[in-house]
Amino acid sequence: GPRRGWRTVSKLAVRPDGGKEGGALEIGLFAPGSHAIVPVGTGDRRPHKRRRGAAPAAAGAHHPSIDAAVDVIRCACRRVGVAPFV
């Protein structure tokens with residue numbers, strides 16, 4: 001919100017990690033002037049295990065609830081093999 005500068009509504013892109021066909025699914029924002037994905041979330045690549053990883057470049061851009069939801073969705077999609085749009 002306005003007091004902390006978080007986005008509370010988000011429209012995110014889903015693409016292959018690294019932009020290559022067959023790459024793992026990544027969720028994030030488009031980098032300025034490109035279709036390259038800047039990952040969002042907390043960096044917790046295994047939220048169901050509660051292990052913390054390195055924070056993505058866009059960490060903190062969204063409300064913490066959105067970041068946590070992105071982590072869970074990313075993990076679930078990768079686990080069941082959801083193929084990203086190329």
Side-chain angles (χ1 to χ4, degrees):
R3 290 182 24 191
R4 299 202 187 251
W6 287 322
R7 295 177 183 189
T8 55
V9 175
S10 184
K11 182 176 179 182
L12 300 171
V14 178
R15 293 281 197 274
D17 192 14
K20 298 179 222 161
E21 188 170 342
L25 176 138
E26 189 53 82
I27 302 171
L29 301 167
F30 286 125
S34 78
H35 284 102
I37 297 291
V38 177
V40 298
T42 65
D44 189 351
R45 299 298 187 209
R46 299 181 68 188
H48 60 287
K49 299 283 186 182
R50 297 292 179 231
R51 284 181 21 188
R52 305 290 294 196
H62 297 95
H63 189 277
S65 295
I66 293 175
D67 287 337
V70 168
D71 291 337
V72 170
I73 293 166
R74 178 188 292 117
C75 182
C77 288
R78 287 179 176 180
R79 188 172 48 238
V80 299
V82 173
F85 175 78
V86 180

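From a predicted model like this one, the values you see are computed outputs, not experimental measurements.
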Mind checking whether [X] and [Y] have side chains closer than 4.5 Å, heavy atoms only?
X	Y	result
Ile37	Leu29	no
Phe30	Val38	no
Val70	Val72	no

Without swapping roles, check the side chain of Arg78 against the backbone of Ala24 for a donor-acceptor pair under 3.5 Å.
no

Given 3.5 Å as the limit, does a donor-acceptor pair link the side chain of Arg74 with the main chain of Val40, or not?
yes

Rounded to the nearest 0.5 Å, what's the gap from CZ on Arg15 to NE2 on His35? Could you check?
6.0 Å

Any chance you could measure Ile27, atom CD1, to Cys75, atom SG, to the nearest 0.5 Å?
10.5 Å

